[in-house]
Number of protein chains: 2
Amino acid sequence: MNAESLLQQAQLVCQQKGARFTKVREQVFLLLANHHGAVGAYDLLAELKELEAAAKPATIYRALDFLSKQGFVHKIESINAFIMCHHFGECNHPVQLLICDQCGHVEEIQSNNFDLALRTMAETNGFTISHQIVEAHGSCKNCTNV
Amino acid sequence: MNAESLLQQAQLVCQQKGARFTKVREQVFLLLANHHGAVGAYDLLAELKELEAAAKPATIYRALDFLSKQGFVHKIESINAFIMCHHFGECNHPVQLLICDQCGHVEEIQSNNFDLALRTMAETNGFTISHQIVEAHGSCKNCTNV
DNA sequence: TGTCTTTTTGCTATTATATAACAATAAATT
DNA sequence: AATTTATTGTTATATAATAGCAAAAAGACA
Ligand SMILES: [Zn+2]
Ligand SMILES: [Zn+2]
Ligand SMILES: [Zn+2]
Ligand SMILES: [Zn+2]
């Protein structure tokens with residue numbers, strides 16, 4: 001899915017929810033959408049500065065915060081980076097990420113079975129999950145065969 | 001398991017592996033073992049400073065690095081904190097953590113089924129896992145019933 | 001439209017987390 | 001004892017994220 005159609009989809013979601021998809025937020029959204037892999041907040045800020053010279057850390061973190069809340073973007077905790085979600089709309093979906101340590105490629109998986117397994121395991125321990133982080137590091141298809 | 005017996009177990013493991021369990025490393029180990037929940041590196045540093053006034057960030061991070069490599073300690077990526085492992089020995093075991101956002105309690109689960117499910121899912125995508133991060137946030141038994 | 005309220009942004013500073021680089025010690029090896 | 005390797009001390013710096021407050025913009029409503 002290309003950046004433009006992702007943007008349109010996001011605009012639609014915001015319209016339906018009454019969320020304000022402002023200029024900065026759109027700019028950051030597009031920068032993320034045009035990235036193939038994950039990107040750090042300060043790298044993103046550097047890119048944003050080419051469009052808005054006055055941008056500061058708070059600018060990018062606020063935008064990322066908004067985009068995360070809408071479910072457009074996921075934070076990758078283990079590498080302090082952010083990545084565009086390609087299945088947003090079904091908001092708050094559980095996320096499983098496969099992160100290649102060789103090439104940096106990140107694949108987002110959506111396994112409801114897996115989510116259920118985690119929930120069940122938690123319930124066995126009397127624990128109720130509100131948010132889950134599943135990040136697998138290793139070697140992707142391309143990098144393994146090399 | 002109390003701090004002293006954990007320490008003895010760790011000493012044994014180090015002896016078997018020929019790893020040098022130095023003074024600083026033992027001090028940090030004991031500080032962690034006496035913590036019930038997770039603890040941040042700089043909080044730990046503050047505690048260490050009461051024993052070794054000259055301790056610096058590098059001191060604590062080096063010790064944590066050593067302890068992690070031995071499998072004595074796990075880093076919790078989503079909250080930038082560290083926690084003593086209570087099942088070390090079986091080194092490099094997969095870790096699943098249940099983190100209570102109310103009381104801060106962290107429960108370490110060991111589900112081989114879950115590990116297998118994740119590996120299988122990854123393999124389906126041609127991905128080989130070297131290290132996995134599974135951190136579930138939510139409400140623990142005690143905090144849910146309140 | 002004008003007024004009021006809420007949300008968003010701009011801006012400065014600061015906090016929090018983690019590592020680099022290199023010299024000095026200490027321990028292990030020969 | 002001499003040499004090599006691992007660990008520590010020390011200073012500085014890199015990297016990541018938030019606090020606080022005023023200005024501006026947008027939304028709500030008479
Ligand atoms: Zn997603
Ligand atoms: Zn790869
Ligand atoms: Zn463990
Ligand atoms: Zn709790």
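Keep in mind that the numbers below use all heavy atoms, side chains included, and drop hydrogens, waters and symmetry copies. As the structure is a computational prediction, the values presented were derived from the model and not from experiment. Proteins come first, then strands; the chains are lettered A, B, ... in the order of their sequence lines, and each starts at number 1.
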[X] has an atom [atom1]; how far is it from atom [atom2] of [N], in whole Å?
{"X": "A/Lys49", "N": "C/dC11", "atom1": "NZ", "atom2": "C1'", "value": "13 Å"}
{"X": "A/Arg62", "N": "C/dT12", "atom1": "CZ", "atom2": "C1'", "value": "12 Å"}
{"X": "A/Ile60", "N": "C/dG10", "atom1": "CD1", "atom2": "P", "value": "12 Å"}
{"X": "A/Tyr61", "N": "C/dT9", "atom1": "OH", "atom2": "P", "value": "17 Å"}
{"X": "B/Lys56", "N": "C/dC22", "atom1": "NZ", "atom2": "C1'", "value": "15 Å"}
{"X": "A/Arg25", "N": "C/dG10", "atom1": "CZ", "atom2": "P", "value": "11 Å"}
{"X": "A/Glu26", "N": "C/dT8", "atom1": "CD", "atom2": "C1'", "value": "15 Å"}
{"X": "B/Ile79", "N": "C/dA16", "atom1": "CD1", "atom2": "C1'", "value": "14 Å"}

Q. Just the endpoints, please: which first and last nucleotides of DNA chain D, 5' to 3', lie under 4.0 Å from a heavy atom of chain A?
A.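 With heavy atoms of chain A under 4.0 Å away, the range is D/dA16 to D/dA26.
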Q.
Between B/Lys49 and B/Glu47, does any NZ, NE, NH1 or NH2 come within less than 4.0 Å of an OD or OE carboxylate oxygen?
A.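 Answer for the salt bridge query: no.
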Q: With the side chain counted from C-beta on, respond yes when B/Met121 and A/Gln96 share a heavy-atom pair under 4.5 Å apart, and no when they do not.
A: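 Yes, at least one pair of side-chain atoms sits under 4.5 Å.
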Q | 5′-ward residue of the pair B/Lys23/B/Asn80 relative to DNA chain D | A |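 Going by which nucleotide is closer to the 5' end, it is B/Lys23.
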Q. Rounded to the nearest 0.5 Å, what separation is found between the OG1 atom of A/Thr120 and the CG atom of A/Asn113?
A.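 A/Thr120 OG1 to A/Asn113 CG: 10.0 Å, rounded to 0.5 Å.
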Q | Nearest-0.5 Å distance, CD of residue A/Gln11 to CD of residue A/Glu26 | A |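 Between A/Gln11 CD and A/Glu26 CD, I get 4.5 Å after rounding to 0.5 Å.
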Q. Just checking, any donor-acceptor pair under 3.5 angstrom between side chains of A/Glu135 and B/Gln132?
A.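 Result is no, nothing qualifies.
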Q. What does A/Ala58 touch in the nucleic acid at a heavy-atom separation under 4.0 angstrom: a base, only the sugar-phosphate, or nothing?
A.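 Contact class for A/Ala58: base.
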Q. Looking across every strand, which nucleic acid part, if any, lies under 4.0 Å from A/Lys75 by heavy atom: base, sugar-phosphate, or nothing?
A.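 Sugar-phosphate: the residue A/Lys75, judged by heavy atoms under 4.0 Å, touches backbone atoms but no base.
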Q. Is the A/His87 to A/His74 ring centre distance short of 6.0 Å?
A.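 Centroid distance A/His87-A/His74: not below 6.0 Å, so no.
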Q) Mapping B/Glu77 and B/Arg20 onto DNA chain C by nearest heavy atom, which one lands closer to the 5' end? A)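 That would be B/Glu77.
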Q) To the nearest 10 degrees, how far apart in direction are the end axes of the helix from C/dT1-D/dA30 to C/dT30-D/dA1, each fit to five base pairs? A)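 So the angle between the two local helix axes works out to 40°.
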Q. Looking at A/Cys14 and A/Phe66, what are the two nearest heavy atoms and their distance?
A.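 A/Cys14 and A/Phe66 have their closest heavy atoms at SG-CZ, 4.1 Å.
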Compile the donor-acceptor pairs under 3.5 Å between side chains in residues 2-10 of chain A and protein atoms, sequence neighbours left out, one pair per line.
unit_1 : atom_1 : unit_2 : atom_2 : d
A/Asn2 : OD1    : A/Glu4 : N      : 3.3
A/Asn2 : OD1    : A/Ser5 : N      : 2.8
A/Asn2 : OD1    : A/Ser5 : OG     : 2.7
A/Ser5 : OG     : A/Asn2 : O      : 3.1

Q: Could you point out which residue of B/Leu32, B/Val39, B/Val106 forms a side-chain contact (heavy atoms from CB on, under 4.5 Å) with B/Ile83?
A: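 Result: among B/Leu32, B/Val39, B/Val106, B/Val106 is the only option passing the side-chain contact (heavy atoms from CB on, under 4.5 Å) with B/Ile83.
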